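Residue numbering restarts at 1 for every chain, and letters A, B, ... go by the order of the sequence lines. Worth knowing before you read on, the calculation uses all heavy atoms, side chains too, and leaves out hydrogens, waters and symmetry mates. Remember, predicted model here, so these are calculated numbers, not experimental data.
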Amino acid sequence: MADTESNDAFVEFDRVQKSYDGEILVVKDLNLTMPRGEFLTMLGPSGSGKTTCLMMLAGFETATHGDIRLGGTSINNIPPHKRGIGMVFQNYALFPHMTIAENLSFPLEVRKMGKSDREAKIKRALDMVEMGAFGGRRPAQLSGGQQQRIALARALVFEPELVLMDEPLGALDKQLREKMQFEITNLAHNLGITTVYVTHDQTEALTMSDRVAVFDDGRIQQLDPPDTLYEEPQNSFVAQFIGENNTLEGVVKEINNGLALVELDDGELIDCKPVHESVKPGARTRVSIRPERVEYNKDRIQEGAHTLKAVVKEFIYMGDIFRTRLSVAGNDEFIIKTRNAPDVERLTPGQQIEVGWLPEDCRALDA
Amino acid sequence: MTDTSTQSGPMLAADGTPLKKSLARALRLQKMRALALIAPLLIFVLVSFVIPIGSMLFRSVENGSVAETLPLTVAELQNWDATSGELPDEALYAAFTTDMVAAIEAKKHTRLGSRLNYEHTGMSSLFRKSGRQIKKLDPAADAPFKDKIIDIDKKWGDVETWQVIKTHSVKYTNGYFLNAIDMQRTVEGAKAQPEDKQILIKLFQRTLFMSMVITVSCILLGYPVAWLLANLPARTANVLMILVLLPFWTSLLVRTSAWKVMLQQQGVINEVLVWLGIVADDARLVMINNQLGTIIAMTHILLPFMILPMYSVMQTIKPTYLRAAKSMGATNWTAFWRVYFPLSVPGIGAGSILVFILSIGYYITPEIVGGTKGVFISNRIAYHISSSLNWGLAAALGTILLAVVLVLYWAYDKIVGIDNVKLG
Ligand SMILES: Nc1ncnc2c1ncn2[C@@H]1O[C@H](COP(=O)(O)OP(=O)(O)OP(=O)(O)O)[C@@H](O)[C@H]1O
Ligand SMILES: [Mg+2]
C-alpha cells in the first residue's frame, strides 16, 4: 500500500462509519483525502461528529466500519501512542504536576531522546511560541492564551507530521483568538505540518484553512477552499451555515441556457443558477443570495441584473458598513450589506426601493 | 432628599440611630443566632473531648498522693541523702509514724501503697500489712520509732524502700513518661527498666510498623478499586460503591468476629485448604491471634477510609490527560505512571493519613484477633485503665501516642503538603 501513496493522500478516510451505541450512526459514510501540508478545518454545528472523527484519527475511538489511512497505511489497528500524531486538546490538557519544560520534555522522554537533544528541542519549541522565559512555571501559573501556546508547542515539539486540534481556541477571548489563529496558521505553514483543525466558529474556519469540511448530521456537506465554500455553497445547509445568507423560496418553472426560472411564492419570477441536483422543473427550491451581492443604488445595479421591489424595514449603521433589513418577495428578513462610501444613500425605514442582483449570484439550492 | 443625607454627622438609620450602631446590632443578633445553633455541639465537644484530653494530659504528670498522704515524711526526706546508702535517722521514722497513723485513720495508706507498687513491686503489700501494726503505735508516747518500725517489717530497714518513696514524692513527675518509654525514675535520675519489664517501646514500634503495613495493604488493595469507581460508567460505579460501603452497615464487632470464624485453625479458610489438600491437616495455618490476623482484619475494616478519598481525587482527573500522554507517544503504562499516578497522589496521601491515624489508635480488632503478639499500644492503655488501674501510665502512653500522630502529621505536611490532601 505504502508505495501507492500519492502526495494527495497523506490522510485518508475511506467510507468510515461510527456508532457509539450500535443504534445511531454518529458518523455516516465519511470520505476525505488530505495531501501533505494541508491545513484542513472540520466545521459544523455541535454534535455533528467532528470530535468523533478526530478521535478516530488519533486512535482513541475505533471506526465501526471503513478504513482510515495515514501515509497510505491503514492505521485501524495501530494504538494511539504509535501513530505519532500531535494533538492539541480543547482544554489544553497540560499536565498540572509538571512544569512547562517538563510538559514539553514528556513526548521526547518517552521517545528515549538524550538530555541535550531534549533541551535543545524544548528551547526551540518554546521560542517558536514566544514562551522561552516560562519553562520553569507550572501550567496553573499561566494565562489561558499562554497555556494555549504551550499546548501547541507540546504538540509540535516531537515534530509530528500530522497535528490535530480540537477547538483549541474555544476558551479564549475574541482578540486573543484572532491573534492565535494567525500564529497557528503561520506555524503550520512554516513547518509544513499537515493539520486537522476542529471548530464550530465559521470565521475561524474561513480565515485559517486551506480547505474546510462542513459537517452536519455525520456527513461532510461540502469540502472546499474557503472562498469556494462561501461563494458557491452546494446546498442550503452550507449556505445558511457559512456567512450571512438570504433565502427566497419558490418552485422551478423551467431550466434553459444554464439558468433556472424560479417562481417565488409571492408570484415573482427570477432567474437563478441551478446548483443542487434536485433543482428540476416542478421541484421546490430555496434560492440563496449573499447580502453583499445585492445593490439598491440605481447606478450600481449592473446590466443584466434582476430587480425586485423592496420596502426598508430597518437601517443599521455599523461604521464600515450599513446593514439594512428589507422586505423582499414576502421575506421580511432580507438583509443587505453596503460599504460605507460617500456616494451611498442612507435609507430610512418605510422607504420603497428597488434591489437588484446578478443571476449568477443567486443560487437555486435544495428546498 | 431626606435630612439624613444632607447632615454632616454620622449616617443615621431610618429610626435615627447611627448606622454603624444599628448594623452592629443586626450583626450581633445574627452571631448570637449562629452561636445558639452550634452551642449544643460546642458544649458536647467541650465536655466529651477537650476536657477529657486536658485531664489526660494532666494525669500523665500529676503525682500528689505521696506528698498528700505523708506530708511530714516528705519534708523530712529532704534532709536525707538518698545516695549515701545509709538509713534515714530517727526524726524521719517519727514523722513517718505520725503520717501513717493519720493516713490509716483516713484509710489512705493502701491507696498510696498501690501507687508506689507501680514503681516497685511489694510496696502495696508492705503498706497494707504494716498498716495493721503501725495503727497500734501512739506518735506522742511510743518514741523512739526506728527500731519498732523496722521490727514491724524489715523492708522499712531497706534503703531502697525510702529511695522509692523519696523519688516519687514530687508533686509533678516525669515518672509516668519514663515508664512509658521503658525507663524509670530513680534517685540517681532516669534509668532503663530491667530487661524483662521492657515491653512498651517494643509495643510502640509494633504499633507503628503494623499500622504502616495496614496502610500499605490498604493502598495496594484500594487503588484499583478507586480507579474502577472513578472510571466505570455511573450505574456500574454506583453498585460498586455500595459494595465498598457495605461494611459500614455491619457492626464492627460482627465484622471482626467474622474474621475470627474465617481465620482460625478450625475456620473456613483452613478447612477449605485442608479439603483441597493444599495444607496438611496437622499443619494448619496460624492466621489468627497473631500479627497476621490483626493485619488482615484491620486492612479489611479500614479499606473504605482509603478508597473514598482516593476515589474523590481520581474523579477529578480528566481522561484527556491520559489521552494527551498517549498522543505524545506514551504507552498505557507510562501514561499511567507519569501522569495519572502523580495526579492521584493527594488521594493516596489523604487515605493514608486517615488509615494510619485510625489504625495507630485502634483497639477492638487487635483485642479480638490479635492474641498477644498482635496487640497494639492502645490495648496496653486499655489494660492500664481498666485492670492495673495505673491511670498515670495510661495517660502518659496516650499523650505519647497523640504526640506521635501530631509529629507524623507535621512531617507529612512538610514533605507532601497538607494542601495536597483532598478528602473530596
Ligand atoms: N463517548 C460517547 N458515547 C456515546 N455517544 C457519544 C460519545 N461521544 C460523542 N457521542 C455522541 O456523538 C455525537 C457526535 O459527538 P461529537 O463529540 O463528535 O460532536 P462534535 O461535532 O465534536 O460537537 P461539539 O462541537 O459540540 O464538540 C453526539 O451526538 C454525541 O452525543
Ligand atoms: Mg467536539
Within this structure, what is the [atom1]-[atom2] distance for the pair [X] and [Y], rounded to the nearest 0.5 Å?
X      : Y      : atom1 : atom2 : answer
A:M55  : B:R323 : CE    : CZ    : 5.0 Å
A:F95  : B:L343 : CZ    : CG    : 8.5 Å
B:K318 : A:F89  : NZ    : CZ    : 11.5 Å

Task: When A:P96, A:G59, A:P80 are compared by non-hydrogen pairs under 4.5 Å with chain B, the top option - done: A:P96

Measure distances from [X] to the heavy atoms of chain B and classify the residue's part below 4.5 Å as side chain, backbone, both or neither.
X      : value
A:L94  : backbone
A:E109 : side chain
A:F60  : both

Task: Name of the residue among A:R154, A:H81, A:R83, A:M87 meeting side chain to side chain contact (heavy atoms under 4.5 Å, CB included) with B:S327 - done: A:M87

Exceeds 12 heavy-atom contacts within 6.0 angstrom, atom [atom1] of [X]:
X      : atom1 : value
B:F248 : CZ    : yes
A:H200 : NE2   : no
B:F209 : CZ    : no

